[in-house]
Amino acid sequence: MSRQWRKGTIDLVTGYAVFSADGRRVSRVTGVDFAIEGGFVTIRVPGVPRVQLVSAPAVRLITVEEEGEMEA
């Protein structure tokens, strides 16, 4: 099964963070590619060499930039 990548903004619940391109831990990332898979969100942040993974309960809001459904 291949991932369905989308582009958008991800806001995380307080206490959760991902790494930004400059190495800071942030709770909001914009212009990222993401895929929702089995209770997790896989995130590709531009400028970060690795994908990052957060559990679905860590997500406050996902705003999709492309045409499609909004998911959280």
Side-chain angles (χ1 to χ4, degrees):
M1 179 181 205
S2 65
R3 290 179 177 143
Q4 180 183 1
W5 291 101
R6 297 179 179 174
K7 185 169 287 294
T9 298
I10 299 177
D11 289 297
L12 300 176
V13 173
T14 301
Y16 292 91
V18 295
F19 289 101
S20 66
D22 60 7
R24 291 181 303 125
R25 291 175 49 89
V26 296
S27 61
R28 178 185 174 95
V29 285
T30 60
V32 297
D33 294 321
F34 68 91
I36 299 171
E37 307 172 282
F40 293 90
V41 180
T42 304
I43 306 167
R44 293 192 300 207
V45 177
V48 176
R50 296 183 177 98
V51 296
Q52 301 177 69
L53 185 72
V54 295
S55 63
V59 177
R60 178 186 319 251
L61 176 70
I62 295 177
T63 305
V64 180
E65 291 177 10
E66 297 175 335
E67 186 176 314
E69 297 177 14
M70 292 184 67
E71 298 183 43

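In this chain, numbering begins with 1 at the start of the sequence shown.
Atom NZ of Lys7 and atom OG1 of Thr63 lie 14.0 Å apart (nearest 0.5 Å). Atom OG of Ser2 sits about 9.0 Å away from atom CD of Glu37, to the nearest 0.5 Å.
Checked options Leu53, Val59, Val54, Val48; the residue passing with Ile43 is Val54 (criterion: side chain to side chain contact (heavy atoms under 4.5 Å, CB included)). Partner Ile10 forms a side chain to side chain contact (heavy atoms under 4.5 Å, CB included) with one of Val45, Val18, Val32 and no other, that one being Val32.
Nearest heavy atom pair, residue Val13 against residue Pro57, reads CG2-O, 3.6 Å. Of all the heavy atoms in Pro46 and Ala21, the pair that sits closest is O-CB, 3.3 Å. Of all non-hydrogen atoms in Ile36 and Ile62, the two that sit nearest each other are CD1-CD1, 4.2 Å. When all heavy atoms of Glu65 and Gly8 are compared, the pair lying nearest together is CG-CA, 3.7 Å.
At least one donor-acceptor pair under 3.5 Å links the side chain of Gln52 to the backbone N or O of Phe19.
Taking a cutoff of 4.0 Å between a charged side-chain nitrogen and a carboxylate oxygen, Arg60 and Asp11 do not qualify as a salt bridge.
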